[in-house]
Amino acid sequence: MSITTTPSDISPVTAPLSLTPSARQGTASATLAINELVAQRRAAGHDTLHMGFGEASFPLHPTLHAALADAATRTSYAPVLGLPALRQAIAAYLARTRQLDLSANSIIVAPGSKPLLYALLQVLEGDLLLPTPSWVSYAPQARLAGKRVIGVATSPDDAHQLSAAALSAALAQAHAAGANPRILLVNSPSNPTGSMFSEADVAALAGWARENGITLISDEIYAELAHGWREHISPARFYPEGTIVTGGLSKAFSAGGWRLGYAALPATETGARLRAAIQALASEIWSAAATPIQQAACAAFTPDAEIEAYVRASARVHGEAAHRMHTTLVGLDITCPRPAGAFYLYPDFASWRPTLAVRGIHTSEELARHLLDQWSIATLPGVAFGDPPDALRLRLSVSMLYGPATAATGDEHEAALWRLLAQAGDERTPTSTLPLPLLDAACARWSEVAQALA
Ligand code: PMP
Ligand code: GLU
């Protein structure tokens with residue numbers, strides 16, 4: 001039997017490519033969108049100072065390069081939770097570097113920590129407590145997982161610390177509004193502020209979560225990139241039964257495009273049930289991270305003096321770059337918490353408000369747009385991180401500004417970055433002598449902007 005239809009038989013409900021209501025509202029993540037916009041601008045001949053994207057951009061360590069080449073023929077699917085050798089290496093790495101008592105059983109590997117964060121939000125019960133500001137993807141992920149997001153206000157006055165009092169106030173307000181927060185997501189060093197928790201803050205935070213029966217997700221993707229004046233301490237040290245730690249290769253090992261992340265779950269019976277739930281979800285969505293990448297990643301997490309030196313040197317460069325930008329901004333009378341880790345700054349341009357208003361700029365989005373259009377500086381507006389639209393805050397990333405001053409071939413660019421890492425690796429040399437011409441030019445451009453706008 002054949003069925004023939006004429007166009008008039010096709011009702012709107014059968015129209016192709018119809019979207020669900022939530023998909024109709026979705027917009028691309030602000031970080032990835034600005035990165036693509038900068039690429040388009042550059043392709044069209046508009047030189048752009050790229051402070052919009054947070055990518056660790058050092059060249060790949062040769063040991064990882066060789067390990068990936070060796071693993072290229074591993075074409076079989078890996079187990080859903082990850083290669084046993086990699087899970088073992090990550091558990092030992094977290095024991096060595098963060099004093100966490102974990103076995104391979106507690107580790108899950110995936111194509112990036114981003115999908116793992118989403119999987120956690122999908123399978124864990126309850127609404128989400130989220131400090132404001134926070135990384136751009138947490139709130140959209142939580143909403144995709146059907147959760148309500150309850151912001152916990154933080155302030156630049158104390159470098160965006162998270163106090164037990166603010167957490168309790170947010171929890172009480174959420175309950176009053178009919179929400180049921182059961183999860184708190186924290187990120188230290190922080191994207192977007194660069195701030196880090198002190199040991200006392202971490203202990204207080206973990207104690208608060210335990211007292212209130214809240215699951216802590218501790219996104220520690222920048223843990224290795226502390227600048228040296230504050231130590232990274234995981235809340236899992238104080239609250240192991242209720243903390244999930246996530247991390248990966250993207251930042252410390254400059255390999256975001258490898259898409260390799262992990263989650264470390266509590267080594268308890270409930271941790272095992274959580275692992276089974278994520279395993280089920282992963283098996284239906286991504287199956288497993290790419291096998292050659294997993295095999296090569298073992299090298300990153302296995303003790304190796306050279307790789308450890310590479311990570312330390314890259315942290316020193318990020319720290320020096322963030323410090324120079326911070327000094328510049330503060331010198332221009334802009335309030336900006338002193339960054340302690342990662343490669344971000346989160347200045348507040350409130351002091352420019354009157355002169356910006358004269359130019360019709362009232363929101364962080366308008367300020368970011370003005371800087372891109374008039375000054376060719378790409379940034380991200382604070383509103384993308386959950387701040388109110390009229391808070392004149394921007395996130396600046398310094399990590400794309402370590403190359404040579406003038407246009408260089410790919411090989412020249414890479415060679416310059418290796419020289420920079422070698423110099424930063426010599427811990428007797430003060431980081432103030434590191435050559436960062438692009439970053440210095442960026443600082444000079446901000447001074448010009450301030451002269452024109454302040
Ligand atoms: N958390 C934060 C705070 C990040 O900045 C990033 C960067 N992409 C991620 C998680 C996700 O990293 P990945 O998926 O590359 O592991
Ligand atoms: N984490 C990076 C940033 O905040 C970009 C990568 C991403 O968002 O997935 O800029």
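Counting starts at 1 for both ligands and their atoms, following the listed order.
Among Gly257, Ser250, Ser397, the residue whose heavy atom sits closest to atom 15 (O) of ligand 1 is Ser250.
Of all the heavy atoms of Tyr138, the ones lying under 4.0 Å from any atom of ligand 1 belong exclusively to the side chain.
The backbone N or O of Leu83 lies less than 3.5 Å from a partner atom in the side chain of Gln294, making a donor-acceptor pair. Formation of a donor-acceptor pair under 3.5 Å by the His227 side chain with backbone atoms of Ala342 is found in this model. Formation of a donor-acceptor pair under 3.5 Å by the Arg24 side chain with backbone atoms of Leu19 is found in this model.
Taking every heavy atom of Lys114 and a limit of under 4.0 angstrom, the matching atoms of ligand 1 come to 14 (O). Taking every heavy atom of Gly112 and a limit of under 4.0 angstrom, the matching atoms of ligand 1 come to 14 (O), 16 (O). The atoms of ligand 1 that sit less than 4.0 Å from any heavy atom of Arg259 are 13 (P), 14 (O), 15 (O). Heavy-atom contacts of Asn187 reach the following atoms of ligand 1: 3 (C) (cutoff under 4.0 Å). Listed by number with element, the atoms of ligand 1 under 4.0 angstrom from any heavy atom of Asp219 are 1 (N), 2 (C), 3 (C), 10 (C).
Comment: Arg324 engages Glu320 in a salt bridge, judged by a side-chain N to carboxylate O separation of less than 4.0 angstrom.
Phe301 and Phe253 make their closest contact through CE2-CE1, 4.1 Å (heavy atoms, listed as atom of the first residue, atom of the second, distance). What you find for Ala313 and Leu421 is that their closest heavy atoms are CB-O, 3.5 Å.
Among all non-hydrogen protein atoms, the one lying nearest atom 11 (C) of ligand 1 is Ser113 OG, 3.5 Å. From the protein, the heavy atom lying nearest to atom 9 (C) of ligand 1 is Trp135 CH2, 3.5 Å. In terms of protein heavy-atom proximity, atom 7 (C) of ligand 1 is closest to Lys251 NZ, 2.9 Å. The protein non-hydrogen atom at the shortest distance from atom 5 (O) of ligand 1 is Tyr222 OH, 2.6 Å.
Aromatic ring orientation, Trp418 versus His61: perpendicular (interplanar angle above 60°, classes split at 30° and 60°).
A side chain to side chain contact (heavy atoms under 4.5 Å, CB included) with Thr215 is found for exactly one of Leu120, Leu185, Leu124, namely Leu124. Checking Ile334, Leu371, Leu380 one by one against Leu394, the side chain to side chain contact (heavy atoms under 4.5 Å, CB included) holds for a single residue, Leu371.
The six-membered or imidazole ring of Tyr222 lies near that of Phe343, with a centre-to-centre distance under 6.0 Å.
With Trp286 as the aromatic partner, Arg259 does not meet the cation-pi criteria of under 6.0 angstrom to the ring centre and within 45 degrees of the ring axis.
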Do any nitrogen or oxygen atoms of ligand 2 lie under 3.5 Å from a protein nitrogen or oxygen, and which ones?
| unit_1 | atom_1 | unit_2 | atom_2 | d |
| --- | --- | --- | --- | --- |
| ligand 2 | 1 (N) | Lys251 | NZ | 3.2 |
| ligand 2 | 4 (O) | Trp135 | NE1 | 3.1 |
| ligand 2 | 4 (O) | Asn191 | ND2 | 2.9 |
| ligand 2 | 4 (O) | Arg395 | NH1 | 2.8 |
| ligand 2 | 8 (O) | Thr31 | OG1 | 2.6 |
| ligand 2 | 9 (O) | Lys114 | NZ | 2.8 |
| ligand 2 | 10 (O) | Gly54 | N | 2.7 |
| ligand 2 | 10 (O) | Arg395 | NH1 | 3.4 |
| ligand 2 | 10 (O) | Arg395 | NH2 | 2.9 |

